[in-house]
Amino acid sequence: MAEYNHRETEKKWQDFWDKNQTYRPAEPSDKLSAARPKYYALDMFPYPSGAGLHVGHPLGYIASDIVSRYKRLKGFNVLHPMGFDSFGLPAEQYAIQTGQHPAVTTEANLTRYIEQLKNIGFSYDWSREVRTSDPSYYKWTQWVFMELFRSWYNKDTNKAEPIETLLDKFATNGTTDVNAVCDENTPAFTAAEWNAMSKQQSYAITLHYRLTYLADAVVNWCPGLGTVLANDEVKDGVSERGGYPVEQKLMRQWMMRITAYADRLLTGLDVIDWTESIKEQQRNWIGKSVGASVKFPVWSADTSSFSSIPPSSPKTFIEVFTTRVDTIYGVTFMVLAPEHELVPGLTTPDQQDAVAAYISAAKLRSERDRMADTKAVSGVFTGSYCINPFNDEKVPIFLADYVLAGYGTGAVMAVPSGDQRDWTFATHFGLPIVPILDGQKDIDKQADNTKEGQYINSGIVNGMSYKEATTTLIAWLEARGLGRGKINFRMRDAVFSRQRYWGEPVPVYFNEDGLPYLIDEADLPLELPAVDKYLPTETGEPPLGRAEGWRYKGKYEYELSTMPGWAGSSWYWYRYMDPKNETEFASKQTIDYWQNVDLYIGGTEHATGHLLYSRFWNKFLYDRGYVPQDEPFKKLINQGMIQGRSNFVYRVSGTGREGVPAVFVSLNQLNGREVTPLHVDVNIVENDVLDIEAFRQARPDLTEAAEFITEPDGRYIVGAEVEKMSKSKFNVVNPDMIVERYGADVLRLYEMFLGPLEQAKPWNTNGIDGVYRFIRKFWRLFYKDSAAGTPDAGASQWIVTDEAPTPAELKVLHKTIQKTEADIEAYSFNTSVSSFMICVNELATLNCHKRAVLQELVLLLSPYAPHITEELWAALGHEPGTLSQAAFPTFNPNFLVEDAFEYPIQINGKVRTTISFAVDRAANEIEREVLADEIVQKWLEGKSPKKVVVVPKRIVNVVI
RNA sequence: GACUCCGUAGCUUAGUUGGUAGAGCAAUUGAUAUUAAUCAAUAGACGAUAGUUCAAGUCUGUCCGGAGUCGCCA
């Protein structure tokens with residue numbers, strides 16, 4: 001064996017693993033092997049983009065691979081799969097531009113992705129790879145959709161049930177016993193009425209209850225992409241992908257009744273091990289507020305008191321939602337959203353013009369404008385009043401755009417003493433501010449939202465505390481039918497339709513009655529038809545409208561929208577358990593064995609998209625008895641983004657134009673010269689030194705006849721800045737290049753060494769040499785180069801011996817075992833790499849080449865650097881390729897025990913000397929000897945110490 | 001504006017219940033050696049401030065600086 005050759009060795013083992021399916025886990029049916037505990041390590045489903053992988057992508061994959069390899073050594077049966085979320089917008093946008101079928105582009109991208117991934121030596125079981133755009137996969141995505149359509153949410157049992165249990169209830173007792181999550185306009189009926197309905201009528205009724213349903217919804221329409229987008233796909237008023245403007249539009253859409261699960265999605269967060277930041281984001285997104293809904297009767301001139309208004313007429317009430325019903329005696333005005341449906345009826349003739357003007361002005365202001373100036377107070381009086389039911393006082397009704405039509409009821413009871421926005425509004429319009437708690441302070445200067453103290457000016461709750469008052473008031477409201485305790489969520493049902501081509505067709509057709517029906521399950525998968533163009537039809541139908549003769553059973557119109565990107569990724573972790581199953585999405589046996597994902601690693605960008613929808617679908621499948629776990633991902637880690645480090649050359653201003661050759665100045669020679677920084681490809685820069693020749697060749701357009709003002713030593717130093725890694729900034733580092741030059745093991749170690757997994761950090765190839773040197777130094781513990789000039793010069797010599805290790809060597813080894821194990825369990829991979837370096841440095845210093853030590857070290861390092869360790873494992877005489885079946889070294893604390901401890905001796909908290917004592921030495925003896933010590937005596941200057949602290953095996957502190 | 005997290009050497013970072021601040025890169029020096037390095041050695045740090053303590057990178061308060069999330073949510 002010559003000097004370590006990473007290119008040959010890594011390729012050899014990658015091929016070996018591939019051919020032998022080394023990382024295929026035991027099937028649950030294989031009783032003997034499957035008796036091992038299971039471990040499921042999953043990477044977030046990547047979308048195979050055309051740009052391929054850059055060094056930032058594999059960061060999480062490396063981490064999960066290390067854990068997977070470690071768990072195998074620890075005796076687990078490990079499921080570690082990889083597959084692709086291969087439907088998506090970029091391939092379709094490309095198809096629109098080029099006319100090429102998105103499947104073709106996607107296939108090409110996939111091939112490259114897989115090749116790049118294989119180069120890094122991941123221990124994936126590639127036989128399980130899935131692709132969402134494959135009909136054998138999306139058949140089951142469509143099947144889940146059908147199951148959702150065939151289900152309703154029973155609030156009494158608090159779970160989804162088959163629609164049949166609802167039909168039974170209707171048939172026996174009408175809607176009386178039904179406590180369901182359903183549409184707002186759902187009619188009530190008796191059993192007799194139900195049983196008298198036509199088939200179509202009753203079917204139409206059920207559409208109000210199904211977990212997926214059609215609705216006219218105000219959606220985020222993105223004309224630039226020709227589709228609607230979900231709320232989480234819109235950022236700051238533009239599409240997340242592409243940055244196109246998004247507008248609000250009313251369209252008929254498939255919806256998912258995710259709101260049925262709002263409360264469970266919230267409480268489920270308490271039992272899973274995710275980062276607090278992601279949980280917080282999901283909590284914000286779900287937005288639960290506990291409060292009360294209260295009806296304020298509208299006051300009218302001819303019926304001048306509350307009691308004479310007939311409560312049966314719904315139009316005579318303004319319903320509000322409040323989280324502070326306890327402050328209701330402090331209500332001095334009412335504010336409605338300009339879009340509120342009661343506004344026309346409430347506006348009095350003399351306020352007509354002012355209100356109309358305000359509404360049209362509010363409409364013109366975009367969401368962004370409204371957000372931007374939160375300080376300006378605006379609003380208008382409608383001329384009408386309502387009655388505070390508690391004290392019969394007249395309350396003026398205003399409109400203001402600080403109240404949102406889409407939240408709660410679009411109306412707010414304003415309590416200026418307790419709410420700052422209400423306070424600002426009241427001050428601006430000269431409305432009264434009534435204190436309601438004796439704990440409120442300085443309400444002439446600002447609102448005080450305290451819950452402390454006792455109520456004042458508050459009728460039936462005077463003298464009570466917050467809790468008491470709230471229950472008293474709600475009971476009062478409920479007794480009179482004027483309100484009730486209520487929980488409100490900010491989360492809305494999810495829009496599920498996309499007016500695009502490259503997605504799963506919705507398995508629905510429309511009958512002559514215009515109602516949606518599921519296609520027959522036997523007809524799944526409903527495959528994507530061919531179309532001539534990937535654009536909407538002339539009549540504005542989605543691209544599927546172009547498919548010639550695409551009709552169900554030859555006559556019924558299919559649903560023409562496709563499913564959103566998150567459909568296929570909301571259940572995929574089950575498919576890996578049983579990827580080839582043709583009769584079920586995964587067999588019960590495999591799901592019962594693998595259960596759910598133990599470790600899930602991925603980016604933070606899916607916080608409110610994929611990670612929320614997946615939990616939703618999982619809970620649904622759980623309710624319906626298809627899966628055994630309520631939460632899909634037990635432990636979630638978000639890897640930090642790897643940023644790019646851009647390099648710049650500096651061109652002197654005024655040069656590089658027609659007839660004026662460019663002059664480039666090295667960083668330290670700028671001396672205040674006026675220059676233009678230009679991005680330069682980081683791949684022709686090493687340690688901030690530019691390869692001028694390579695630059696000339698790469699950019700002849702810039703460098704023709706160019707002059708370079710270099711440092712005195714002739715080098716050109718570039719500038720640097722941390723930015724997002726992107727093609728346009730010439731700072732993309734391709735892992736293939738790193739693998740070619742340094743090897744996959746070095747790439748893996750280095751990516752981990754960069755810093756804590758969860759932290760964002762810039763890529764900087766500079767430090768990689770240190771890791772490369774470490775690998776070679778590690779190799780030299782096993783092989784020695786033959787001296788130059790000897791007959792076998794250039795060859796290496798195996799120098800591992802069978803001698804018994806010394807205590808010092810065992811101490812080094814076991815210190816490393818302990819650290820490595822603790823680090824992996826804590827997902828602290830960067831610190832492990834550092835401890836490997838220390839270990840190899842120390843063993844080299846000890847001149848240790850002993851099998852008993854090195855073999856264990858090979859195992860410790862193998863999750864991080866699988867290729868070189870597999871090579872050495874074989875060289876140590878083991879069956880080639882069996883490294884992953886070995887057992888992780890066992891830590892033995894006895895090797896760390898020393899019989900003496902070197903005590904640091906502090907004088908007034910500062911270390912002044914050290915003295916060695918036997919570990920079992922009594923504290924009073926240590927104290928005596930320390931005080932007798934020469935150096936301590938010198939610090940004491942003859943005085944006697946005030947106090948001596950002796951902490952066994954830690955420290956001694958002498959206080960003077 | 002609210003909430004969460006973070007400030008350790010030139011850079012990237014480790015530091016468990018408070019108990020001698022450890023690495024790698026870069027830098028400098030030396031040796032082997034010469035187009036490519038290898039080895040050895042050297043030096044260098046707790047954002048500021050006040051407190052608790054025998055003892056503070058670690059705990060508490062305030063300030064300064066940075067990152068992320070939410071965004072009028074009644």
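Letters A, B, ... mirror the listed sequences (proteins, then strands); counts begin at 1.
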Aromatic plane relationship, A/F917 with A/Y903 - under 30° parallel, 30 to 60° tilted, over 60° perpendicular: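 Perpendicular.
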A/W779 and A/Y783 aromatic ring geometry - parallel, tilted or perpendicular at 30°/60° bounds: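 Aromatic pair A/Y783/A/W779 classed parallel.
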A/L754 CG to A/I768 CD1 distance, which is reported to the nearest 0.5 Å: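 If I round to the nearest 0.5 Å, the distance is 8.5 Å.
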Separation between CZ of A/R492 and CD1 of A/I258, rounded to the nearest 0.5 Å: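 If I round to the nearest 0.5 Å, the distance is 13.0 Å.
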Under 3.5 Å side-chain donor-acceptor pair for A/E902 and A/T914: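 The answer is yes; a qualifying pair exists.
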Short side-chain donor-acceptor distance under 3.5 Å, A/D493 and A/T259: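 Result is yes, a qualifying pair exists.
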Passing candidate, side chain to side chain contact (heavy atoms under 4.5 Å, CB included) with A/L336, options A/V412, A/I318, A/V403: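 Answer to the side chain to side chain contact (heavy atoms under 4.5 Å, CB included) test with A/L336 among A/V412, A/I318, A/V403: A/I318.
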Note, A/L757 side chain near A/Q639 side chain (heavy atom, < 4.5 Å):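 SC-SC contact between A/L757 and A/Q639 confirmed.
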Between B/rA55 (P) and A/K946 (NZ): distance, integer Å: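 Distance, rounded to whole Å: 10 Å.
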A/I775 CD1 - B/rA37 P separation (whole Å):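 After rounding, the gap between these two atoms is 18 Å.
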Sequence-aligned protein contact record of nucleotides 1-10 of chain B, with B where the base is within under 4.0 Å of a protein heavy atom and S where only the sugar-phosphate is: ----------
Footprint string (nucleotides 18-24 of chain B, 5' to 3'): B base within contact, S backbone only, - free, heavy atoms under 4.0 Å: -BB--SS
Consecutive-pair stems (at least three Watson-Crick or G-U pairs, under 3.5 Å) that include RNA chain B: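 The stems that RNA chain B takes part in, listed by first number, are B:1-7 with B:64-70, B:10-13 with B:22-25, B:27-32 with B:37-42, B:47-51 with B:59-63.
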Nearest atoms (heavy-atom pairs only) where A/A844 meets A/K777: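 Between these two residues, the closest heavy atoms are CB-CE, 4.1 Å.
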Verdict with reasoning, A/L431 to A/F398, per side-chain contact (heavy atoms from CB on, under 4.5 Å): CA-CA 11 Å; A/L431 295 157; A/F398 283 76; 3.9 Å; yes
